[in-house]
Amino acid sequence: MEKRIRDEPGEPMVAQSKLGEATVSETEVRGIEDLTPVEKKHLLLQLSRDRVKDSSAGPWEIVDIRREEWRAVRDTLVEPIEIDIRDTVTDELFRVWFDITKLERELELESREQADIKSEKGR
C-alpha cells in the first residue's frame, strides 16, 4: 500500500489522492494550525480528493471548526468533526465532516508525548 500522507518533522504535511492524481499541502490551508495532526490528515485527504474532481480547487481558508462529544458507533467511540472551509479563489464555502476514532486520538496523544520526551532529552 502506498503512503498517501507525507508528514516529516519540520516539513509541511502533504496528502495525495488515492490514485496519486492530486496532492494538497498544509501550506495551502490557512488556519490549519488550529487542527491536531490527525484532523489535518483527514482534512488534507478530503481536499486532495476534491482536487481530483476540480484541479483548480484551493487554496483554502478554515472558517470554523466544531468538535462534538464522543459517541458510540457500533463498537467504536468516535468524535465527529465539522470544518467549514472556504476556497479563497472562488470564495465558495463548504463543510467537511469526518470522525476521529478513540484509538486515533490515543495514538496521537502517545505520539505527542514521545515527541515531548525526545525534545526534553535533547536540551
Side-chain angles (χ1 to χ4, degrees):
M1 185 174 145
E2 229 175 283
K3 194 171 185 181
R4 293 176 33 206
I5 295 284
R6 190 174 71 230
D7 187 15
E8 302 295 326
E11 294 291 321
M13 188 182 298
V14 176
Q16 187 173 46
S17 64
K18 199 171 198 171
L19 299 176
E21 299 134 346
T23 59
V24 174
S25 168
E26 70 177 294
T27 60
E28 298 179 75
V29 185
R30 196 170 342 147
I32 199 165
E33 61 276 354
D34 295 330
L35 301 178
T36 69
V38 171
E39 293 168 349
K40 286 180 188 180
K41 287 178 185 180
H42 281 279
L43 177 62
L44 292 174
L45 285 170
Q46 179 61 50
L47 293 175
S48 71
R49 288 188 292 266
D50 291 349
R51 186 168 274 170
V52 168
K53 296 174 192 167
D54 179 5
S55 62
S56 67
W60 301 271
E61 174 182 19
I62 293 176
V63 177
D64 192 24
I65 305 165
R66 286 175 299 291
R67 295 172 180 92
E68 296 184 19
E69 296 297 318
W70 290 97
R71 66 177 180 216
V73 175
R74 297 186 187 147
D75 61 347
T76 305
L77 279 176
V78 297
E79 179 185 22
I81 309 292
E82 291 181 21
I83 300 174
D84 291 339
I85 194 161
R86 174 177 287 116
D87 185 311
T88 59
V89 174
T90 63
D91 203 35
E92 197 173 318
L93 186 65
F94 60 98
R95 182 170 290 153
V96 176
W97 289 278
F98 52 85
D99 292 330
I100 303 292
T101 65
K102 185 75 169 165
L103 178 61
E104 284 177 297
R105 281 288 189 223
E106 289 170 357
L107 291 172
E108 180 179 54
L109 285 172
E110 190 175 298
S111 174
R112 276 198 220 148
E113 288 170 357
Q114 288 175 357
D116 289 345
I117 290 169
K118 284 181 183 177
S119 69
E120 286 177 17
K121 285 183 179 179
R123 289 182 191 174

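In what follows, every heavy atom counts, from backbone to side chain, and hydrogens, waters and symmetry copies are set aside.
The side-chain contact (heavy atoms from CB on, under 4.5 Å) with D99 is formed by just one residue from the set L77, I81, T76, V78; it is V78.
Here the CG atom belonging to D50 is positioned 9.5 Å from the CG atom belonging to D87, to the nearest 0.5 angstrom. Once rounded to the nearest 0.5 Å, the distance linking CG of L43 with CH2 of W60 reads 8.5 Å. To the nearest 0.5 Å, atom OG1 of residue T101 and atom CH2 of residue W70 are 7.0 Å apart. Taken to the nearest 0.5 Å, the CD atom of E108 stands 11.5 Å off from the CG atom of L103. Expressed to the nearest 0.5 Å, how far CD1 of I85 lies from CD1 of I32 amounts to 7.5 Å.
Considering only heavy atoms from C-beta on, P59 stays 4.5 Å or farther from R30 through its side chain. The shortest side-chain heavy-atom distance between T36 and I100 does not fall under the 4.5 Å cut-off. Side chains of D34 and I62 form no contact here, defined as non-hydrogen atoms less than 4.5 Å apart.
Summarising the local packing, CD of E82 is surrounded by more than 12 heavy atoms from other residues, nucleotides or ligands at distances under 6.0 Å.
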Check the pair E26, K41 against side-chain contact (heavy atoms from CB on, under 4.5 Å), reporting the backbone distance first and the verdict last. CA-CA 9 Å; E26 70 177 294; K41 287 178 185 180; over 6 Å; no

Where do V38 and L107 land on the side-chain contact (heavy atoms from CB on, under 4.5 Å) test, with the steps shown first? CA-CA 9 Å; V38 171; L107 291 172; over 6 Å; no

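Ion pairing of E33 with K40 is absent here, as no side-chain N (NZ or NE/NH1/NH2) approaches a carboxylate O to less than 4.0 Å. By the 4.0 Å N-to-carboxylate-O rule, E28 lies close enough to R51 to be salt-bridged with it. Between R66 and D84 a salt bridge is recorded (basic side-chain N to carboxylate O distance below 4.0 Å).
Cluster annotation: I83 is connected to F94 through the hydrophobic network of ILVMFWY side chains, with a link wherever side-chain heavy atoms come within less than 4.5 Å.
Looking only at distances, no side-chain donor or acceptor of S48 sits under 3.5 Å from a matching main-chain atom of V24.
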